[in-house]
Amino acid sequence: MLGNELNNLTSLLHPKQNLYEMTGGIISARVYKKDVFHKLGFPSPLLCEFGCYSSVDGGGYVGVVKCKQVILSVAVEASKLAAVNVVCELTVQMLKERPHIISELQDMRSAFAK
């Protein structure tokens, strides 16, 4: 019974808070304007593959979740808040499907710290 109650409470958390608690803070979530995302040298195929990125159109925001330099997920939305919420929730769902990824990220992060 208690397990179900905890699962229900977890779903009430803000997507970014839920992600940080799930991963122990080993990831970072950032939001960039689409044109800044491009200028920072992020690989544009991340956005081009879905047909939602144009280097001419600077509108919109890109939410990025990564661990060190490994990009886990990307979401493009019209507002900053939507971009961070969507990318965090996307990552939470991905990690729920494949929980072993968290331990692999922790191992990778430890290796970088040495």
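- Side-chain contact between Val76 and Phe37 is absent, with no heavy atoms from C-beta onward closer than 4.5 Å.
- Taking every heavy atom of both residues into account, Val65 and Ala29 meet most closely at CG2-CB, 4.1 Å.
- Note: Asn85 CG to Leu19 CG = 11.5 Å, rounded to the nearest 0.5 Å.
- To the nearest 0.5 Å, the span separating CD1 on Ile27 from SG on Cys88 amounts to 6.5 Å.
- Expressed to the nearest 0.5 Å, how far OG1 of Thr23 lies from CG of Leu95 amounts to 7.5 Å.
- Looking at heavy atoms from C-beta onward, Tyr61 lies in side-chain contact with Lys33 at the 4.5 angstrom threshold.
- Between Val64 and Val87, the closest side-chain pair of non-hydrogen atoms is not below 4.5 Å.
- Surrounding NZ of Lys66 are more than 12 heavy atoms belonging to other residues, nucleotides or ligands, all under 6.0 Å away.
- Judged by distance alone, the side chains of Glu89 and Gln93 do bring a donor and an acceptor atom under 3.5 Å apart.
- Nearest heavy-atom pair, Asn18 versus Val92, reported as atom, atom and distance to 0.1 Å: ND2-CG1, 3.8 Å.
- Hydrophobic clustering keeps Ile26 apart from Leu90 (ILVMFWY residues linked when any side-chain heavy atoms are closer than 4.5 Å, directly or through intermediates).
- Val86 and Val84 fall into different hydrophobic clusters, where Ile, Leu, Val, Met, Phe, Trp and Tyr are joined by side-chain heavy atoms under 4.5 Å apart, directly or via other members.
- Rounded to the nearest 0.5 Å, atoms CG (Asp35) and CG (Leu40) are 9.5 Å apart.
- Criterion: ILVMFWY side-chain heavy atoms under 4.5 Å apart, direct or through other members. Under it, Leu81 and Val36 are not part of a common hydrophobic cluster.
- Leu105 approaches Cys67 most closely through the heavy-atom pair CD2-CB, 3.8 Å.
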